[in-house]
Structure formats: C-alpha cells, structure tokens
*Asks:* 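Got a structure here, written out as structure tokens. Questions coming.
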Number of protein chains: 2
Amino acid sequence: MKRAHALSRRERQIMDILYRSGKATAAEVRDAMPDAPSYSAVRAMLRILEEKGHLRHEQDGPRYVFLPAEPRDQAKRSALRHLMETFFDGSVEQTVAALLDSETRNMKPSELDKLSRLIEEARKKGV
Amino acid sequence: MKRAHALSRRERQIMDILYRSGKATAAEVRDAMPDAPSYSAVRAMLRILEEKGHLRHEQDGPRYVFLPAEPRDQAKRSALRHLMETFFDGSVEQTVAALLDSETRNMKPSELDKLSRLIEEARKKGV
DNA sequence: GAGGGTGTGCTAAATTTTTAGCATGAAACG
DNA sequence: CGTTTCATGCTAAAAATTTAGCACACCCTC
C-alpha cells in the first residue's frame, strides 16, 4: 500500500486476497475471486505485482506461494488511516462510533468489556 | 462502492476525493490530485463515472458540481466492512484495538471519555 | 514410453482506462 | 464589439491493464 491509488482494479483485488489470507498460491488467489479469469491470467498478474514490488514469492514444494511485500501491520495502519481520512475527517472517534453503530447487534458483552479495557489502557498510555 | 473491486485506479481516486469532500467541481477534484492530468482528462473521467452510475452532477451556477451517487453513510459502512474483512478477520474488536493502538498518542482524555460513553451506549443497545 | 495433470516463464493480443484536444457556448472585461 | 476566460460535449488516440495460450519441465500412473 505504498501509495493509496497506485494499484489497478485487478491488482487491488489480488493484494486484498493476500492481505486477507496472509499468503496464497496462484490457484488459491484464483479461487478467491468471484470473477476469476484463467489460471495463467492470474499468474501473469501476480508476476506483474511482484515486478512492481508489491508482493514476493516463496517456493512451497512444487509451486510458488505469494505474500505481500509489506508487513501486514503496516498495511493495516495505512489502510485504516486512508479510510479515516476518506470517510471520517481523520477522526478516530467518528470511526469507532461508526463501527459500533453498524456492528452493535453482533457484539457480545465480553467483547464490549474488552473494548472498555482497551480504552483504559489507552488512557494510561496517553498520559 | 457497489462492488469492492469495480473501480480502476483513477476512478477509485476520484470517488475517494468526492467521499472526502462530499461534493466537488471538476477543478476541485483536479486540485485534490497529487498527480493530476489535464482538466479535460478529469472531466472525461467524471463523465465516465457518471455513466457507470457511481456519481451524479448538479448545476451550480455556470458549472457542474459532482456528488457520489451512493449516500455517504452507506459508503462508509461498506468501506468499513471491507477493511475489517481484509485486515481484521471481520472483527470489530480487532479493528478498534488497531485504531487505538496506532492513534493513542493523538487522543485527548476527553476523546477517550467519549469512546467509553459510546461503548456504554452500545452495551445498552445490544442487550 | 505415453498420456495426463500441474507448475513456470514468456509473449503478444485483446480489452479497458486514461488522456488531451477540438468545437462550441456563455460570461466577463476593456 | 472583440478578446479572453471558463465551462461543456464529444472524439479518438495513447497508454495501461488484463487476458490467455504456447513451450517446456516435472511428476505420477498405466
């Protein structure tokens, strides 16, 4: 995620698949696509993304397994920041509010407890 | 944000500018681009995005002002969900934790208070 | 050994995206 | 009024992206 808008449609899709799964073979990447082209088209795109420096490959037995070049933590941070700036005026509070607002129904009390704890810890750190 | 990977590089960039600012003229969209092409190239892209149904225009005096076709709240929700699924295994808790982790230094106690309140409200709603 | 399945490297063509310029109209200015 | 500036609609070409097929290699089974 070197620059927010450096990737094309299919490139973005492939990178998201890799971020979600951590790593994947070309066949796995292809299986994760709702609108998958041919196997060789997927491989060609993976090669291009590697040339561009967005991902790398490792040998896994007879085949390659692909991983994002950028550490996941870093990519997370960038993605979060970009989302906040695009939709929430850069505000953590607004972002969290939207998260809680849209997902409340699915959260257990224990999860809410955890969040409270996280906030307490953040309070200590911030002082 | 009809489908997570429907937009190309420049299309994505333009939609993000519109979501960020709410609405913009072609000149304003262009000014917001770090790597802006010509004015007429920007207008051409805006026209294409409108044909595809992603945005609409209104007359504002002598010029058009462009707005996302999708309500901002809806787009927010979609974007949040997509981010959570891509980077946080779909977990609100993990997402919030990452937010707090990376932004703690910038948050005032009053903002943390507000978050605590939000969680309390979420707790009530969820029961 | 032959055939089938799976994998890679590479190439080029098809397709999509992006770009910019032209023609025209309206408004502002001297 | 003439000129300049700003705006739109439109077109086509340049550029980028995406696609798929070929040649080859390796492995397994019969």
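Each chain gets a letter, A, B and so on, in the order its sequence line appears, and its residues count up from 1. Note that these values count all heavy atoms, side chains included, but never hydrogens, waters or copies made by symmetry.
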*Asks:* Look only at the side chain of B:E85 and the backbone of B:F87, and say whether a donor-acceptor pair between them is shorter than 3.5 Å.
*Replies:*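 It does not hold such a pair.
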*Asks:* Using atom CZ of B:R10 as one end and atom C1' of D:dA14 as the other, report the distance to the nearest whole Å.
*Replies:*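 It is 15 Å, rounded to the nearest whole Å.
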*Asks:* Once you round it to whole Å, what is the distance between P of C:dT17 and CZ of B:R12?
*Replies:* 14 Å
*Asks:* Round to a whole Å and report the spacing from CG of B:D35 to C1' of D:dA15.
*Replies:*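 The answer, rounded to whole Å, is 15 Å.
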*Asks:* Using atom CD of B:E28 as one end and atom C1' of D:dC6 as the other, report the distance to the nearest whole Å.
*Replies:*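 In whole Å, D:dC6 C1' and B:E28 CD are 14 Å from each other.
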*Asks:* Look at A:S8 and D:dT18 and indicate whether a side-chain polar atom (N or O) is within less than 4.0 Å of OP1 or OP2.
*Replies:*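 Looking at the OP1 and OP2 atoms of D:dT18, one of them is under 4.0 Å from a side-chain N or O of A:S8.
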*Asks:* Could you walk me through whether A:Q74 and A:R77 pass the side-chain hydrogen bond (donor to acceptor under 3.5 Å, both in side chains) check?
*Replies:* CA-CA 5 Å; A:Q74 199 174 317; A:R77 233 169 266 131; over 6 Å; no
*Asks:* Mind calculating the distance between CZ (A:R9) and C1' (C:dT18) to the nearest angstrom?
*Replies:* 16 Å
*Asks:* Which residues in residues 37-47 of chain B have at least one heavy atom lying under 4.0 Å from any atom of DNA chain D?
*Replies:*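 Under 4.0 Å from DNA chain D: B:Y39, B:R43, B:R47.
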*Asks:* Does the A:E28 side chain pair with the main chain of A:T25, one donor and one acceptor, at a distance under 3.5 Å?
*Replies:*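 Side chain of A:E28 to backbone of A:T25, a donor-acceptor pair under 3.5 Å: yes, one is there.
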*Asks:* Take the protein atom CG of A:L7 and the nucleotide atom C1' of C:dT17, then report the distance between them rounded to whole Å.
*Replies:*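 So the two atoms are 15 Å apart, to the nearest Å.
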*Asks:* Any side-chain to backbone donor/acceptor pair from A:Q59 onto A:G61? Under 3.5 Å, distance only.
*Replies:* yes
*Asks:* Rounding to a whole Å, what distance do you find between A:Q59:CD and C:dG9:P?
*Replies:*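 Distance check: A:Q59 CD to C:dG9 P gives 8 Å.
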*Asks:* Please report the distance, rounded to the nearest Å, between CZ in A:R30 and C1' in D:dA20.
*Replies:* 11 Å
*Asks:* Check B:R117 with B:E120, please: is the shortest side-chain N to carboxylate O separation under 4.0 Å?
*Replies:* no
*Asks:* Look at the rings of B:H5 and B:H82 and say which category their plane angle falls in: under 30° parallel, 30 to 60° tilted, over 60° perpendicular.
*Replies:*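 Because their plane-to-plane angle is over 60°, the rings of B:H5 and B:H82 count as perpendicular.
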